[in-house]
2 protein chains.
Amino acid sequence: MSTPLDKARREPESMKARILTVARRLFGEYGFHGTTTRMIAQEVGIDISTLHYHWGGKKDLYESVVLDINKDLRQKLLEVEGMIHDRPLAERLTISIDVMTDYLFLQPCVSNLILFRYFSKNRYEGNLDFSVPEFTADIAFSMGLSTDRKHVSPETKMKVVALMNSIHNFISGEGFFRPMLDLTHERYVKMVKDTLNFIHIPAFTKAGDG
Amino acid sequence: MSTPLDKARREPESMKARILTVARRLFGEYGFHGTTTRMIAQEVGIDISTLHYHWGGKKDLYESVVLDINKDLRQKLLEVEGMIHDRPLAERLTISIDVMTDYLFLQPCVSNLILFRYFSKNRYEGNLDFSVPEFTADIAFSMGLSTDRKHVSPETKMKVVALMNSIHNFISGEGFFRPMLDLTHERYVKMVKDTLNFIHIPAFTKAGDG
DNA sequence: AACGACCTCCATCAAATGATTGAATAACAG
DNA sequence: CTGTTATTCAATCATTTGATGGAGGTCGTT
């Protein structure tokens, strides 16, 4: 069992970055109101005031976490975009699903936080609706489902939303769904990929999509 | 605009039931930690202590809400089960999707709460992990995807989970996805149903499933 | 050593929040 | 009307939680 202090000594990461990392995970697990600044500080192994010194308030930290996550996700999409160049549609989708799923299983808090933002309100809604870029259209383009980065048909957008949500659901819901199916983590991962491929690829290859 | 008091006078519902109804909605919108007993009491138009008088503590109320929701959902499933008797598979699925979607769009807090339970922890986890029946297998049976109510293949369970999650996501995420697609509520509902049918029916009709 | 910039922690505050108490009120049986 | 029970509310408490101030510490530069 390694204490937060041990971890701090081993990793030469800046305190600000360490706080962000822990905050990302806790906000993802417990949501905005479910996470307290003290929980974050304790996990990092510092005092609350150190947290406030680096990040101002809880809302600022949360905002940074969300923007950070979006940055990471966008970068991963660009990576995918580079990998699937010039391949047939079904293959592009399989690769996209494979890469995104692997990435998110390593960073489940990313899926957690995205789902939180989709499905839950917070009490200070007016205050923390900072602008987060929406990139469903970019995903459609990255996966090679649309030739135009800006104009994507509503039908295709719906399918992209459904696919991305399915991925996030299986990642975030592992703790709930895996015991239900009684699988090891490895078998669960494989089954998630197989199911996603099985369900979603025909949706994009069947009919004509913009 | 009708005040909570007006509502109280019009509806001869018991105070305990009124609190449960409001709690259901608020817990669904803001999650467990995001909802305060004062928010619930204020919305009902009563004092906090009245809430505690009827329900004990916040956790008891939350537990009742979750169990209540599960009861409703199970009943709706039985209703579906009765409607699809003796029809071909694709038709059974279309009807199931149609009925469940209509129901959940009227009761979005049901989807909200289910997703919250799947994807988020709460700080008192040890204390409020009361037993909630898991009925993925029942859904599979109700929709006519399995002949055995108890034994359903993992593959089929995964597909059922994917389908149910897709539905819940589109319901709970309306506030997020609809502006993105720039649709009216009616067109959104229709598009959700079409998309669900388009994506998920082939998944169950293509290959052999338990 | 002396200085200063940067960082961390202890002590503390004010507000929010879950919960309780006791008094007031309503409903109702006899 | 009277007594009893059930219900509701105002006032209050204890804890949690976001936030701050100032003392002390570390580190590099001179």
Side-chain angles (χ1 to χ4, degrees), chain A residues 3-9 11-23 26-27 29-66 120-128 130, chain B residues 3-9 11-23 26-27 29-66 120-128 130:
Chain A
T3 70
L5 256 167
D6 287 336
K7 201 179 166 198
R9 264 188 228 105
E11 298 174 6
E13 204 180 359
S14 81
M15 179 56 71
K16 199 170 176 180
R18 280 172 56 206
I19 296 171
L20 192 69
T21 303
V22 171
L26 291 181
F27 278 133
E29 287 179 2
Y30 297 92
F32 181 78
H33 294 294
T35 307
T36 68
T37 53
R38 279 173 176 81
M39 284 165 65
I40 300 171
Q42 188 181 349
E43 193 109 346
V44 179
I46 55 170
D47 191 87
I48 337 159
S49 42
T50 303
L51 188 149
H52 281 87
Y53 171 77
H54 285 285
W55 287 106
K58 184 184 179 182
K59 285 188 287 196
D60 305 273
L61 178 54
Y62 180 73
E63 174 171 339
S64 296
V65 164
V66 171
S120 77
K121 299 182 184 175
N122 57 65
R123 300 203 290 271
Y124 320 115
E125 190 153 20
N127 291 357
L128 53 77
F130 47 92
Chain B
T3 69
L5 258 167
D6 289 333
K7 199 178 167 201
R9 263 187 228 103
E11 298 174 5
E13 205 181 357
S14 79
M15 178 58 69
K16 198 169 177 180
R18 280 171 57 206
I19 295 172
L20 193 68
T21 303
V22 172
L26 292 181
F27 278 132
E29 288 179 2
Y30 297 92
F32 181 76
H33 293 296
T35 307
T36 68
T37 53
R38 279 173 176 82
M39 283 166 65
I40 300 171
Q42 187 181 349
E43 193 108 347
V44 178
I46 56 169
D47 191 88
I48 336 160
S49 43
T50 302
L51 187 150
H52 281 87
Y53 171 77
H54 285 286
W55 287 105
K58 184 184 179 182
K59 286 188 287 195
D60 305 273
L61 178 54
Y62 180 74
E63 174 170 340
S64 297
V65 164
V66 171
S120 77
K121 300 182 183 174
N122 58 65
R123 299 202 290 270
Y124 319 117
E125 191 155 19
N127 292 355
L128 52 77
F130 46 93

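Letters go in sequence order (proteins before strands), and every chain restarts at 1.
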Contact pattern, 5' to 3', of nucleotides 5-12 of chain D - B, S or - by protein heavy atom under 4.0 Å = -SBBBB--

Closest approach of B:L51 to B:I46 (non-hydrogen atoms, all atoms of both residues) =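 Closest heavy-atom pair between B:L51 and B:I46: N-CD1, 4.0 Å.
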
key: Non-hydrogen atoms of A:R18 and A:V44 that approach each other most closely   =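 Reported closest heavy-atom pair: NH2-O, 3.1 Å.
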
If I take atom [atom1] in residue [X] and atom [atom2] in nucleotide [N], what distance separates them, rounded to the nearest angstrom?
X     : N      : atom1 : atom2 : value
A:W55 : D:dG18 : CH2   : P     : 17 Å
B:L51 : C:dT21 : CG    : C1'   : 17 Å
B:L61 : C:dT17 : CG    : P     : 16 Å
A:Q42 : D:dT16 : CD    : P     : 13 Å
A:K59 : C:dA16 : NZ    : C1'   : 14 Å
A:F32 : D:dT17 : CZ    : P     : 13 Å
A:D60 : D:dT20 : CG    : C1'   : 15 Å
B:Y62 : C:dA19 : OH    : P     : 15 Å

request  = Indicate the ring-plane relationship of B:Y124 and B:F32, choosing parallel, tilted or perpendicular according to the 30° and 60° boundaries.
outcome  =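 Perpendicular, since the angle between the ring planes exceeds 60°.
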
query = Has the side chain of A:R123 got a donor or acceptor atom that lies under 3.5 Å from a matching backbone atom of B:G34?
reply = yes

query = Sub-3.5 Å donor-acceptor pair from the side chain of B:T35 to the main-chain atoms of B:L26, do we have one?
reply = yes

Axial bend angle, the helix from C:dA1-D:dT30 to C:dG30-D:dC1: five-pair end segments, nearest 10° =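 That helix gives 0° between its end axes.
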
query = Would you say B:Y30 and B:M39 make side-chain contact, with heavy atoms under 4.5 Å?
reply =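 B:Y30 vs B:M39: side chains touch.
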
Salt-bridge contact B:K121-A:E29 (side-chain N to carboxylate O under 4.0 Å) =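 Salt bridge flag = yes for A:E29 with B:K121.
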
ask   = Could you go step by step and tell me if B:I40 and B:F27 meet the side-chain contact (heavy atoms from CB on, under 4.5 Å) rule?
value = CA-CA 9 Å; B:I40 300 171; B:F27 278 132; 4.1 Å; yes

ask   = Is any side-chain N or O of A:H52 closer than 4.0 Å to OP1 or OP2 of D:dT20?
value =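 For D:dT20, neither OP1 nor OP2 has a side-chain N or O of A:H52 closer than 4.0 Å.
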
ask   = Does a side-chain N or O from A:R123 land closer than 4.0 Å to OP1 or OP2 of C:dT17, or not?
value =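 Affirmative; the distance criterion is met.
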
request  = Indicate, with yes or no, if the rings of B:Y62 and B:H33 have centres closer together than 6.0 Å.
outcome  =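 They do not qualify: ring centres at least 6.0 Å apart.
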
